[in-house]
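Note sheet for the following structure.
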Amino acid sequence: MKIRLVNQGVFTPVEDIRAALVPPAQGFYWIDADVDDLEVLQPIFQLHELAVEDCLSEEEQRPKIEIHEGHYFIVINSIRFDDEEIFLRALNIFLGRHYIITVTKQKINELRSLKPILWEEGVNRPDYFLYHLIDIVVDNYFLVGDRIEARIERLEEDILMHTKKSHLTEIIGLRSEILWLKKVLGPQTQVIATLNKKDLKLIDDQLQKYFSDIYENAVKIAETFETYRDLMANLREAYQSSLASRANDIMRVFTALTTIFMPLTFLTGIYGMNFDFLPGIHSHSGSYILLVFMLLLGAGMLYVFRKKDWL
């Protein structure tokens, strides 16, 4: 657990957690904690037991905002994409008048990238800290969306160039990830809408227009992932069409080969019969003539098929 006094974006480490109980003359306290630290934090800051229980739960928590006496409890999801799987990590936030507590189970990059922004903006209030944190989280969804779009385009190109069975597994896996993520985006957008519209005493009224901008971005993200879902459906259709086209090409080749060998098989069948009265059967050059004729016949049929674009 790390305790910092944030004043005009400048961080000052604090050793005693009880010092954060008293509002500072300027600035606010940021407590960056793990779930194990809640045992200490709950009685000191009177954190609501249901909110603490949600933080400790092993089940995935939906994004939400809860209004408790003296503090708000907010859950949002950070996103990460490693080209194989989408990861969502819950970011639990307790917002008070002079403090903000962030509780995570894993390391979240947004918290680290937030520090230079706080310094640059000279942040001096916990609600402005909250705004910049949610803004970074939402912006990362755009970055992940761009990477997913690039992967879809690359997958589409691979399917058109050379279809493989592994492509179907990749399509199904990515589509499932997108559908799962889209379900999460709905509640998260509602949380941002609440911060934008609802009268919240612990959040400055001047932040309304800023949260409105984040809300618009969240809506754009939800629409973007809806588009990705449609693209995945089109990609699966392209995969099926490519397989059907390959099967047709193979069948066309086999049909042409069968057609070419039919008259050749007919000739070999006739000259394989045990009769003496067959043309050229007693000639020394008869077999050569027959072979040349069969070769020319096969080549002629192949030429006709190619000219008619049947092969």
Side-chain angles (χ1 to χ4, degrees), residues 1-56 63-76 78 90-105 107-108 110-137 191-192 194-214:
M1 177 170 55
K2 296 180 180 179
I3 310 164
R4 305 178 182 92
L5 173 63
V6 184
N7 183 18
Q8 300 298 328
V10 178
F11 294 81
T12 304
V14 177
E15 297 296 333
D16 187 3
I17 181 64
R18 295 190 178 276
L21 286 173
V22 181
Q26 289 184 328
F28 64 97
Y29 292 102
W30 171 28
I31 303 171
D32 188 13
D34 298 326
V35 290
D36 296 334
D37 299 320
L38 288 171
E39 185 177 355
V40 176
L41 294 172
Q42 181 179 12
I44 294 176
F45 291 93
Q46 299 297 308
L47 304 179
H48 197 280
E49 58 182 9
L50 292 179
V52 173
E53 184 179 330
D54 287 342
C55 295
L56 297 174
K64 61 183 177 179
I65 178 170
E66 296 177 352
I67 311 299
H68 300 296
E69 185 178 355
H71 66 273
Y72 301 157
F73 176 59
I74 303 168
V75 180
I76 57 175
S78 167
L91 178 55
N92 306 291
I93 304 168
F94 294 91
L95 177 68
R97 288 196 177 277
H98 68 279
Y99 67 86
I100 186 167
I101 303 173
T102 55
V103 182
T104 58
K105 293 181 179 179
K107 297 296 182 182
I108 293 183
E110 285 86 344
L111 290 175
R112 285 182 289 182
S113 59
L114 180 64
K115 295 178 183 178
I117 296 177
L118 297 179
W119 180 82
E120 183 180 350
E121 296 293 331
V123 173
N124 208 38
R125 291 171 53 101
D127 50 351
Y128 281 83
F129 178 103
L130 175 67
Y131 158 72
H132 287 292
L133 178 57
I134 296 179
D135 188 38
I136 292 177
V137 169
V191 170
I192 300 172
T194 301
L195 294 171
N196 173 33
K197 297 179 180 179
K198 192 171 182 179
D199 183 20
L200 301 173
K201 296 180 180 179
L202 297 182
I203 296 179
D204 189 354
D205 292 339
Q206 295 182 358
L207 280 177
Q208 290 284 325
K209 59 182 179 181
Y210 295 102
F211 278 116
S212 175
D213 182 65
I214 298 178

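Values in this document were obtained by computation on a predicted structure and should not be read as measured data.
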So, does [X] use its side chain to make a donor-acceptor pair with the main chain of [Y] at under 3.5 Å?
{"X": "D213", "Y": "Y210", "answer": "no"}
{"X": "E39", "Y": "D36", "answer": "no"}
{"X": "Y72", "Y": "L202", "answer": "yes"}

Non-hydrogen side-chain atoms of [X] and [Y] separated by less than 4.5 Å:
{"X": "L114", "Y": "H132", "answer": "yes"}
{"X": "Y99", "Y": "H71", "answer": "yes"}
{"X": "L200", "Y": "I67", "answer": "yes"}
{"X": "L133", "Y": "I93", "answer": "yes"}
{"X": "K115", "Y": "L118", "answer": "no"}
{"X": "L195", "Y": "I134", "answer": "yes"}
{"X": "D37", "Y": "D34", "answer": "yes"}

Any chance you could measure [X], atom [atom1], to [Y], atom [atom2], to the nearest 0.5 Å?
{"X": "N124", "Y": "N7", "atom1": "CG", "atom2": "CG", "result": "5.0 Å"}
{"X": "K2", "Y": "D32", "atom1": "NZ", "atom2": "CG", "result": "7.0 Å"}
{"X": "F11", "Y": "I3", "atom1": "CZ", "atom2": "CD1", "result": "14.5 Å"}
{"X": "I74", "Y": "L91", "atom1": "CD1", "atom2": "CG", "result": "9.5 Å"}

Please tabulate, for the side chains in residues 12-31, all donor-acceptor contacts under 3.5 angstrom to protein atoms that are two or more places apart in sequence or on a different chain.
| from | atom 1 | to | atom 2 | distance (Å) |
| --- | --- | --- | --- | --- |
| D16 | OD1 | R18 | N | 3.1 |
| Y29 | OH | A19 | O | 3.4 |
| W30 | NE1 | T102 | OG1 | 3.0 |

[X]: partners by side chain to side chain contact (heavy atoms under 4.5 Å, CB included), with sequence neighbours left out:
{"X": "K107", "value": "none"}
{"X": "F73", "value": "A51, D54, C55, K64, E66, H68, V75, N92, F94"}
{"X": "Q42", "value": "L47, E49, V52"}
{"X": "V35", "value": "L56, V103, K105"}

What's the shortest heavy-atom distance between [X] and [Y], and which atoms?
{"X": "I100", "Y": "P126", "answer": "CD1-O, 3.9 Å"}
{"X": "S78", "Y": "I108", "answer": "OG-CG2, 3.7 Å"}
{"X": "P43", "Y": "Q46", "answer": "O-NE2, 2.8 Å"}

With sequence neighbours excluded, residues passing side chain to side chain donor-acceptor pair (under 3.5 Å) with D127 =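 With neighbours one apart ignored, the set is R125.
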Check: Taking only residues two or more places apart in sequence or in another chain, which ones pass side chain to side chain donor-acceptor pair (under 3.5 Å) with D204?
Finding: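 Listed in chain order: Y128.
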Checklist entry - What pairs with R4 under salt bridge (charged side-chain N to carboxylate O under 4.0 Å, His left out), at least two apart in sequence or on another chain? => result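 Listed in chain order: nothing, the list is empty.
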query: Residues in ring pair (Phe, Tyr, Trp, His ring centres under 6.0 Å) with F211, at least two apart?
result: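 Once residues adjacent in sequence are excluded, the partners of F211 under the ring pair (Phe, Tyr, Trp, His ring centres under 6.0 Å) criterion are Y131.
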